[in-house]
S.K.: 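Just dropping this structure here.
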Amino acid sequence: MPPISINRFQDASQIGGTLKLSNDANQPIKNTGTNFFGKVAAWFNTKLHPGTVSSENKAVMQSFMQALRDTYKGDIGDMAANSLQRDFASGKPLTSRKVQTAISQAQSQQKLRHDTNELAILRFAHDDSNTGQTNFGTLFTQVCREKHFVPDGNFDLKQVQNEVAREIRLACQIEGKADMKVISENEAKQIALKFINSNIQKHINDGVGTNYSEGNGFKQVFAEVSHELGFNVDLSAMDLSKLSGKIYKEVLAEGLVVVDGNATSDRQPISEQTAKEVTKREVMKFVKLKQSLFNHLDTLNIPPQHQAFMKDLVLKNPDIKSKEYLTMVWDLRTSAGPVLSSLTAEPFSRSDFMQNLYKLNDKIGEKGRALVAADPETGANELASLEDHSLMIGLEVSDLSKPEMQKMLDVFSSREVKELNESLGFFASGDDTATNVRDEIVLARRMDNISKSALGVIGKVLGKSMDELAPMDTEPPSIDARSKVPPDITNALVQLNFQLYTPNTSFDSVLASKQGVRDFEAFSKTKQCEENIYFFQNVADYKKLPANEQQKVAQHITDQFIKDDAPFQINVDDSIRQQIMQDLAAGQLTNLFDSASTHIKMVMEQDTFPKFLSSNG
């Protein structure tokens, strides 16, 4: 019989009498001898079957003793169970009174220990008053003096107290059971000391780490290294956020205690000398990388008037780490030219602009793949900035006049561009009323990036601040349906082979496009008929498999879509369903699903697809 919970015994004891084991799994304990006749019957049973009764009594007593040990682990459970050991040995019955007495005594002992432990928690975790006795306050003061630490407004004393309270509670537990032992004063004191020390040391180390990642210590080390390597630039000219973050983590790691090769959360002091050495090491790597990139710029035959701009690009962008990236940015300046020219053309043509931007994107994608292939992590970060920087250098070398720059700024602020952004945002939204454009590029984001990239260069030429350059917030018409998208934008997207749906779009063209299938699947879900497109696509993939791999997949398709209990059962004639299962059993797999696939395609094309086109109109 499986263990019986202490709650079962407690519930049964409420009725009174003696307790016996039952064969009923839902009610494993039964009560006997609760009235006069029951007691008489129990007495006769004891006289007539003394050995059997003794054995039954021992069985129920043993179950109860085990339940006490399981519930009140440790010495409380052992004491409660041992108090019944004499009755168990003599085969006496387990009475309701004995159950209630044993549980009551165990609970009383448990509460006593809990209250005692709560006093320890109050004393060593929350009582921060200095009353002369050893408590949290005296321990905290002691550690502060030892470490010459004066708490400031950034030190979270409450967090330390909570950590100490949590650890004392954990120390009182046995196998996850709370308050099963009384914690000693010394043990509670040592727990409090450990966490007070660790938190104060962490706070001290944080200060050292901050000083040597962005404070005066960092500035001094950076100046020393720069002078040593002949790299004399203004710190304010660089984005040092990533370098700062890396140094901070490296410095703090020096303060972690290492046990068996693994760093722990315990803290040891970080000396300023150690922090300085870590900082110098990282700054040295950073400066040498920037110098190597500067040296590479010298090999690109960049005209002197543009050298400063390219070096400024290197200084201000921490993600630029490869020479190949700089080469690509410089080479792409000519590809950025047509995009910029289309922004200054009279009149401005959204179609021409989109065509030129798409061509630039193709070149960026081609070069970007090489970056990522060479170094996945660094390349991915550089790729994210490639278009932005290409357009910036394209503007820098374009020699546009002030009137042309002003024209570009006017275009960014125009109603035409606002309308273009909102139209492209509509096509890229992916909601029920819009259609995703091809997912390799979202032109709305590109347009936004161009605006941001250009503003810095335009400001330098026009002598305007960023606040002055912010495009006017003209309110464009709300474009929330295909009919509101201007024809020139729709036509340009179609020419660029974006997946747009018109009344003339064929079902086969949608099925031939990955994005088209995704869009159709999403729409089918809204009509609760997604099983059709799932089945059709599964069959299409199945037909591409080698013959020796088809059996397993054919069984899967049948289980999912054909059988009577299939989770995605398709609606086909029973004759088609039966024929598929017969052919599958016979191993005739070549044209197994052709009839069903043809029927399902017809259903989708004649019923679901027209609704799909209408929803995207």
Side-chain angles (χ1 to χ4, degrees), residues 1-121 168-184 187-188:
M1 176 176 288
I4 303 172
S5 71
I6 198 73
N7 290 335
R8 290 284 192 185
F9 283 101
Q10 197 164 20
D11 290 343
S13 70
Q14 303 302 318
I15 300 174
T18 60
L19 280 63
K20 297 291 183 181
L21 296 181
S22 168
N23 293 325
D24 183 356
N26 294 321
Q27 194 66 36
I29 308 170
K30 62 182 179 179
N31 301 74
T32 63
T34 57
N35 55 43
F36 173 76
F37 295 104
K39 292 176 181 178
V40 171
W43 182 83
F44 274 108
N45 193 31
T46 303
K47 295 299 180 182
L48 295 174
H49 310 286
T52 302
V53 171
S54 176
S55 178
E56 291 176 351
N57 288 341
K58 284 186 175 182
V60 71
M61 186 71 78
Q62 187 175 37
S63 294
F64 179 58
M65 292 165 67
Q66 186 60 49
L68 289 170
R69 290 190 173 98
D70 291 341
T71 304
Y72 307 99
K73 294 183 182 297
D75 58 346
I76 292 181
D78 287 340
M79 285 189 293
N82 291 340
S83 67
L84 300 168
Q85 185 62 41
R86 181 175 297 178
D87 287 348
F88 168 74
S90 62
K92 288 185 177 181
L94 177 64
T95 65
S96 294
R97 184 173 182 179
K98 290 177 183 177
V99 169
Q100 293 173 0
T101 299
I103 292 176
S104 177
Q105 290 174 345
Q107 289 177 341
S108 296
Q109 185 65 28
Q110 189 179 47
K111 184 178 185 305
L112 176 62
R113 296 188 179 193
H114 173 78
D115 292 344
T116 303
N117 290 335
E118 285 299 312
L119 289 174
I121 291 170
I168 291 178
R169 283 196 172 92
L170 288 174
C172 300
Q173 297 178 9
I174 299 176
E175 298 178 24
K177 294 290 183 178
D179 296 314
M180 298 309 299
K181 65 176 183 179
V182 175
I183 190 166
S184 69
E187 189 177 0

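We're numbering straight along the sequence, starting at 1.
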S.K.: Ignoring hydrogens and angles, tell me if any N or O in the side chain of K98 forms a donor-acceptor pair with the backbone of D87 under 3.5 Å.
M.R.: no

S.K.: Can you check side-chain contact (heavy atoms from CB on, under 4.5 Å) on M61 and L84, steps first, answer last?
M.R.: CA-CA 8 Å; M61 186 71 78; L84 300 168; 4.0 Å; yes

S.K.: Got a salt bridge between K111 and E118, using NZ or NE/NH1/NH2 to carboxylate O under 4.0 Å?
M.R.: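 Result for this pair is no, no salt bridge flagged.
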
S.K.: Could you tell me whether the side chain of Q14 and the main chain of Q10 form a donor-acceptor pair under 3.5 Å?
M.R.: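 Yes, because the side chain of Q14 sits within donor-acceptor range (under 3.5 Å) of the backbone of Q10.
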
S.K.: Could you check whether any side-chain N or O of T71 sits under 3.5 Å from a backbone N or O of L68, counting only pairs where one atom can act as donor and the other as acceptor?
M.R.: no

S.K.: Side-chain contact test, heavy atoms from C-beta onward, threshold under 4.5 Å: evaluate it for I174 versus Y72 and give yes or no.
M.R.: no

S.K.: What's the verdict on side-chain contact (heavy atoms from CB on, under 4.5 Å) for M180 and H114, showing C-alpha distance, side-chain angles and the deciding distance?
M.R.: CA-CA 8 Å; M180 298 309 299; H114 173 78; over 6 Å; no

S.K.: Rounded to the nearest 0.5 Å, what's the gap from CD1 on I4 to CD1 on I29? Could you check?
M.R.: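 The CD1 atom of I4 sits 4.5 Å away from the CD1 atom of I29.
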
S.K.: Do N117 and V182 have side chains that approach each other closer than 4.5 Å (heavy atoms only, starting at C-beta)?
M.R.: yes

S.K.: Going from CZ on R8 to OG on S13, what distance comes out if it is rounded to the nearest 0.5 angstrom?
M.R.: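 Reported to 0.5 Å precision, the distance equals 13.5 Å.
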
S.K.: Starting at CD of Q100, measure out to CD of Q105 and round the result to the nearest 0.5 Å.
M.R.: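 Reported to 0.5 Å precision, the distance equals 12.0 Å.
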
S.K.: Which pair of heavy atoms, one from A67 and one from S5, lies closest together, and at what distance?
M.R.: CB-C, 4.3 Å

S.K.: Quick one: does F64's side chain get under 4.5 Å of I103's, heavy atoms only?
M.R.: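 Side-chain contact under 4.5 Å: yes.
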
S.K.: Is there a side-chain contact (heavy atoms from CB on, under 4.5 Å) between T18 and L94? Walk through the geometry before answering.
M.R.: CA-CA 6 Å; T18 60; L94 177 64; over 6 Å; no

S.K.: Can you list the steps and then say if K181 with Q173 is a side-chain contact (heavy atoms from CB on, under 4.5 Å)?
M.R.: CA-CA 7 Å; K181 65 176 183 179; Q173 297 178 9; over 6 Å; no

S.K.: Measuring from atom CD1 of I6 to atom CD of Q66, what distance do you get when rounded to the nearest 0.5 angstrom?
M.R.: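 One finds 10.5 Å between CD1 of I6 and CD of Q66.
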
S.K.: Give a yes or no on whether the backbone of G17 and the side-chain of S96 come within a donor-acceptor separation of less than 3.5 Å.
M.R.: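 Yes, because the side chain of S96 sits within donor-acceptor range (under 3.5 Å) of the backbone of G17.
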
S.K.: Examine the side chains of K20 and N57 and answer whether a donor and an acceptor come within less than 3.5 Å of each other.
M.R.: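 K20 vs N57: donor-acceptor pair found between side chains.
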
S.K.: Which residue pairs pass the salt bridge (charged side-chain N to carboxylate O under 4.0 Å, His left out) test with at least one member in residues 62-84, sequence neighbours excluded?
M.R.: R69-D78, K73-E175, D75-R113

S.K.: Quick one, L19 and T95 - any side-chain contact, counting heavy atoms below 4.5 Å?
M.R.: no

